[in-house]
Amino acid sequence: MSSEAPVGVFDSGVGGLSVLGEIRARLPNESLLYVADSGHVPYGEKSPEYIRERCRKIADFLLGQGAKALVVACNTATAAAVAELRERHPGLPIVGMEPAVKPAAAATCSGTVGVLATTGTLKSARFAALLDRFAHDVRVITQPCPGLVECVEQGALAAPQTRALLAAYVQPLLAQGCDTLILGCTHYPFLKPLLRELVPAEVELIDTGAAVARQLARLLGEREQLAVGPAQPTRFWSSGEPAALARVLPVLWGEAAAVAKLGD
Ligand code: DGL
């Protein structure tokens with residue numbers, strides 16, 4: 001596989017663009033492919049079997065486009081499907097992501113950490129194992145956030161209904177003494193400006209996009225597969241309405257781009 005081959009990145013929708021941005025910043029020579037599975041969003045309320053089936057299809061598509069590595073830019077899909085993807089594609093660099101419990105446990109002063117994530121992530125065996133490993137000395141309060149992903153999908157980053165929903169999810173965590181909030185879904189970093197208005201300045205917000213980009217750099221470096229560049233323009237596909245993704249790209253990705261339809 002040529003080191004100039006692209007990296008395939010996917011999410012249930014637009015959330016993974018928060019990770020794609022970190023990858024572009026860290027690895028500007030890499031050509032990137034992005035699939036938004038917006039025809040099937042949200043993953044958070046779907047069964048693990050359903051998500052695994054979607055991930056199989058998307059991974060096959062991205063590999064068909066020549067991807068040299070995959071980034072599962074979705075906590076929910078990682079919890080349900082990354083183990084199976086690694087079994088199906090041994091030797092392929094695959095980066096997944098999970099809520100940043102370890103850094104949050106190190107950062108908290110109050111000893112109480114809040115996790116905002118999807119129902120699917122919070123119910124997963126992977127998340128339970130993460131708590132077992134890293135949350136011995138801290139109290140972790142979890143908060144599923146149905147509805148938030150849909151707000152981000154619409155690009156409604158500062159709309160009154162988004163603010164109301166986010167406030168309802170965050171208030172109980174603050175009331176219980178959380179001084180550190182984990183953004184355990186890749187859609188949520190786009191809500192950081194709104195979140196900053198809703199929580200005291202000393203509350204730390206932690207997400208894992210930058211760590212994912214670092215891990216990708218490490219895996220490609222180990223295999224001597226880092227691209228020299230220049231990168232090709234990033235290509236986008238959506239299994240939903242391509243025009244809907246094209247509409248939000250200038251806000252969530254910082255530039256306009258063409259979006260192709262990903263068939264089912
Ligand atoms: N962006 C996803 C995550 O990181 C999933 C959102 C959803 O589709 O529910 O968990």
Side-chain angles (χ1 to χ4, degrees), residues 8-23 34-55 57-59 70-83 85 94-101 103-104 114-128 130 142-157 162 165-166 169 181-192 195 205-213 215-216 236-241 244-245 248-249 251-253 262:
V9 181
F10 70 95
D11 176 46
S12 62
V14 300
L17 294 171
S18 65
V19 180
L20 197 69
E22 299 284 357
I23 295 172
Y34 185 85
V35 169
D37 199 14
S38 297
H40 300 266
V41 70
Y43 281 179
E45 310 297 319
K46 305 244 175 14
S47 72
E49 294 71 29
Y50 185 97
I51 296 169
R52 278 195 283 277
E53 170 71 18
R54 292 306 307 158
C55 290
K57 287 199 168 134
I58 295 167
L70 294 179
V71 176
V72 186
C74 174
N75 295 264
T76 315
T78 298
V82 79
L85 288 178
I94 301 180
V95 182
M97 55 196 302
E98 50 198 11
V101 173
V115 188
L116 300 160
T118 68
T119 309
T121 296
L122 296 175
K123 277 202 322 211
S124 69
R126 245 185 119 86
F127 183 68
L130 193 63
T142 58
Q143 176 64 63
C145 305
L148 268 192
V149 161
E150 289 86 333
C151 296
V152 178
E153 286 291 311
Q154 289 155 19
L157 305 184
T162 311
L165 203 54
L166 194 55
Y169 290 141
L181 297 180
I182 299 171
L183 309 186
C185 166
T186 54
H187 283 72
Y188 305 164
F190 290 119
L191 298 173
K192 260 191 197 167
L195 206 43
L205 306 176
I206 299 189
D207 67 83
T208 37
V212 167
Q215 173 69 353
L216 176 64
F236 295 90
W237 290 264
S238 171
S239 63
E241 189 44 65
L245 177 56
V248 295
L249 276 180
V251 178
L252 302 183
W253 173 242
L262 181 80

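Along the sequence shown, the residues carry numbers beginning at 1. Note that ligands are numbered from 1 as they come in the structure, with each ligand's atoms numbered from 1 the same way.
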Among N75, T78, T142, T76, which residue meets the side chain to side chain donor-acceptor pair (under 3.5 Å) test with T121?
T76
Under the side-chain hydrogen bond (donor to acceptor under 3.5 Å, both in side chains) test, residues paired with [X] that sit two or more places apart:
X    : answer
E153 : S38, H187
Q154 : none
T119 : E45

N/O pairs closer than 3.5 Å, ligand 1 and protein:
unit_1   : atom_1 : unit_2 : atom_2 : d
ligand 1 : 1 (N)  : D11    : OD1    : 3.0
ligand 1 : 1 (N)  : T186   : OG1    : 2.9
ligand 1 : 1 (N)  : H187   : ND1    : 2.8
ligand 1 : 4 (O)  : N75    : N      : 2.8
ligand 1 : 4 (O)  : N75    : ND2    : 3.1
ligand 1 : 4 (O)  : T186   : N      : 2.8
ligand 1 : 4 (O)  : T186   : OG1    : 3.3
ligand 1 : 8 (O)  : S12    : OG     : 2.6
ligand 1 : 8 (O)  : Y43    : N      : 2.6
ligand 1 : 9 (O)  : Y43    : N      : 3.3
ligand 1 : 9 (O)  : G44    : N      : 2.8
ligand 1 : 10 (O) : N75    : N      : 3.4
ligand 1 : 10 (O) : T76    : N      : 3.1
ligand 1 : 10 (O) : T76    : OG1    : 2.5

Shortest non-hydrogen contact from E98 toward T208
O-CG2, 3.6 Å
Could you check V35, L262, L17 and say which one makes a side chain to side chain contact (heavy atoms under 4.5 Å, CB included) with F236?
L17
